[in-house]
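Report on the following structure.
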Amino acid sequence: MDQSEKIIKTAPSYQMKTRKRISKGFLTSKNAPYFFIGPALIFILVFTIYPVISSFILSFQEVRGVEKTFVGLSNYTRLFHDPIFYKALLNTFEILIFQVPIMIAFSLLIAVGLNSSLVKFKSFFRIAYFMPAITALVAASIVFMILLDEHFGLVNYFLSSIGMNPIHWFTSPFWAKVSIILVMTWRWTGYNMVIFLAGLQNIPNELYEAASIDGAGKVKQFFMITIPQLKPVFIFTVVMSTIGTLQLFDEPYILTKGGPNSATMTITLYLFQTGFKYFEFGYASAIAYVLVFIIGIVSWIQMKWVGDLEE
């Protein structure tokens, strides 16, 4: 018997002994999956579940230095009598009402255009439109601050060259909100375009061919086939865009700091200033949970409304 035959005969016995050791040891086939998901579960508990519970408890407390005092519903009572909170809430919904429909419309139109067989270099345009979504917000905000500068900005220079008065982008309450909407639309249109594009590619071509045979034009096909087939995509993009806008923080913080005169103060920016500028962590936690409640209600209304349309 040569060496190779000995290895082949001893291999099964070695495997059986190894299995017996594993089965008799601490790690078994029943508890092995828990050891694999254990580290991820620990991270979720420590960095997600614990902060959520701790923040909820903190919303019923007043923090002074290292001392915490239970104050019941005082933070929530104060919140509903806070004019700055109502101003921030109004600003957030004003931006939401205008920005989300504009962005969704642009995203859909660009996706339809890039899905057409008439467009060449599709990969280039898809990457180009998606790039703002992965661009560092600080760098993008600096670019927009330069473009929209009241005295030396390229946009006002162009307006002056065609005989128009320069716009006070960051010192006028109205135009400050417009500047926030412009930056958000520029940044997230390509992101939603990719989602719509994926939905368009899942629509069967047979539907359009049948509609063409029946004499339906491109516009009628768009409203009678494309829009109805994309309803699940609309639900996802609208709900996610709404949640993102209600949590708007980066753009107003970098561009306007909430000004002028709190014209661009959003809920999350007010939350940030309350917690990390005035160190009222209990009150900031109350603002956070009211925001969670608002997001839940608005998302439920949107999904309910879209669901009723489908019926």
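Numbers here simply count residues along the sequence, with the first being 1. Atoms considered below: every heavy atom in the structure, side chains included; atoms not considered: hydrogens, waters and symmetry mates.
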query: Centroid-to-centroid, Tyr86 to Phe80, below 6.0 Å?
result: no
Residues Thr226 and Tyr208: side-chain donor-acceptor under 3.5 angstrom: yes
- prompt: Just by distance, do the side chain of Asp82 and the backbone of Ile84 share a donor-acceptor pair under 3.5 Å?
  reply: yes
- prompt: Considering all heavy atoms of both residues, which atom of Glu94 and which atom of Phe98 are nearest to each other, and what is their separation?
  reply: O-CD1, 3.1 Å
- line: Taken to the nearest 0.5 Å, the spacing of Met224 CE from Asp214 CG works out to 11.5 Å
query: What distance separates Leu89 CG from Ile287 CD1, expressed to the nearest 0.5 Å?
result: 11.0 Å
message: Do Tyr76 and Val290 have side chains that approach each other closer than 4.5 Å (heavy atoms only, starting at C-beta)?
response: yes
query: If you measure from CD1 on Ile180 to OG1 on Thr264, what distance do you get to the nearest 0.5 Å?
result: 5.5 Å
message: Using 0.5 Å steps for rounding, measure from the CG atom of Asn91 to the NZ atom of Lys87.
response: 5.0 Å
- prompt: Do Thr266 side-chain atoms and Leu248 backbone N/O form a donor-acceptor pair below 3.5 Å?
  reply: yes
message: With a 4.5 Å cut-off on side-chain heavy-atom distances among I, L, V, M, F, W and Y, is there a chain of contacts connecting Met240 to Ile195?
response: yes
- prompt: What closest approach, in Å, do Leu96 and Pro101 show between heavy atoms, and which atom pair accounts for it?
  reply: O-CD, 3.7 Å
task: Taking atom types as modelled, find out whether Tyr129 and Thr189 have a side-chain donor-acceptor pair closer than 3.5 angstrom.
output: no
message: Tell me whether Lys122 at atom NZ has more than 12 heavy atoms from other residues, nucleotides or ligands lying less than 6.0 Å away.
response: yes
message: Once rounded to the nearest 0.5 Å, what's the spacing between atom OG1 of Thr92 and atom CZ of Phe249?
response: 12.5 Å
Centroid-centroid distance, Phe152 to Tyr157, less than 6.0 Å: no
Contact summary for Ala286 and Leu79, nearest pair of heavy atoms: O-CD2, 4.1 Å
- prompt: Mind checking whether Leu137 and Glu251 have side chains closer than 4.5 Å, heavy atoms only?
  reply: yes
- prompt: Same hydrophobic cluster for Phe170 and Met184, using side-chain heavy-atom links shorter than 4.5 Å among ILVMFWY?
  reply: yes
field: Note: Arg78-Glu62 ion pair, threshold 4.0 Å (strictly below)
entry: no
task: May I ask you to decide if Phe234's main-chain N or O and Thr237's side chain share a donor-acceptor pair within less than 3.5 Å?
output: yes
- request: Compare every heavy atom of Ile225 with every heavy atom of Ala211, then report the nearest pair and how far apart it is.
  value: CB-CD1, 3.6 Å
pair Lys68-Leu58: side-chain heavy atoms closer than 4.5 Å: yes
message: Has Asn75 got a side-chain atom pairing as donor or acceptor with Gln61's backbone, closer than 3.5 angstrom?
response: yes
- line: Output for pair (His151 NE2, His168 NE2), nearest 0.5 Å, gives 8.0 Å
task: Would you please test Phe222 and Ile227 for side-chain contact (heavy atoms from CB on, under 4.5 Å) and show each step?
output: CA-CA 6 Å; Phe222 177 77; Ile227 297 297; 3.8 Å; yes
Aromatic ring proximity Phe56/Tyr289, centre distance under 6.0 Å: yes
message: Would the distance check show the side chain of Ser54 and the main-chain N or O of Pro51 forming a donor-acceptor pair, the cut-off being under 3.5 Å?
response: no
- request: Identify whether Ile295 and Leu90 are in the same connected component of the hydrophobic contact network (ILVMFWY, side-chain heavy atoms under 4.5 Å).
  value: no
task: Give a yes or no answer on whether the side chain of Gln221 reaches the backbone of Ala216 with a donor-acceptor pair at less than 3.5 Å.
output: yes
message: Is any side-chain heavy atom of Ile146 closer than 4.5 Å to one of Leu154?
response: no
field: Shared hydrophobic cluster, Ile97 / Met265 (ILVMFWY, side-chain heavy atoms < 4.5 Å)
entry: no
task: Answer yes or no: is there a side-chain heavy-atom contact under 4.5 Å between Phe93 and Leu246?
output: yes
- line: Applying salt bridge (charged side-chain N to carboxylate O under 4.0 Å, His left out) to Glu150 and not counting sequence neighbours gives none
field: Steps toward side-chain contact (heavy atoms from CB on, under 4.5 Å) verdict (Val178, Trp169)
entry: CA-CA 8 Å; Val178 173; Trp169 291 102; 4.1 Å; yes
field: Side-chain heavy atoms of Ile167 within contact of Asn156, under 4.5 Å
entry: yes
- request: Specify the closest pair of heavy atoms between Pro166 and Ser160, including all atoms of both residues, with the distance to one decimal.
  value: CD-OG, 4.4 Å
message: For Gln201, is the CD atom crowded, meaning more than 12 foreign heavy atoms sit under 6.0 Å from it?
response: yes
message: In the structure I gave you, are the side-chain heavy atoms of Asn261 and Pro173 within less than 4.5 Å of one another anywhere?
response: no
task: May I ask whether Leu230 and Val219 are part of the same hydrophobic cluster, defined by side-chain heavy atoms of I, L, V, M, F, W, Y residues being less than 4.5 angstrom apart, directly or through others?
output: yes
field: Check against side-chain contact (heavy atoms from CB on, under 4.5 Å), Phe272 and Tyr270
entry: CA-CA 5 Å; Phe272 172 81; Tyr270 184 49; over 6 Å; no
message: Side chains of Phe144 and Trp186, heavy atoms from C-beta outward: is any pair under 4.5 Å?
response: yes
Closest non-hydrogen atom pair, Met131 against Thr135: O-OG1, 2.7 Å
task: Flag yes if more than 12 heavy atoms outside Tyr34 fall under 6.0 Å of its OH atom; otherwise flag no.
output: no
message: Using side-chain contact (heavy atoms from CB on, under 4.5 Å), reason through Trp188 and Thr245 one step at a time and then give a plain yes or no.
response: CA-CA 11 Å; Trp188 296 113; Thr245 305; over 6 Å; no
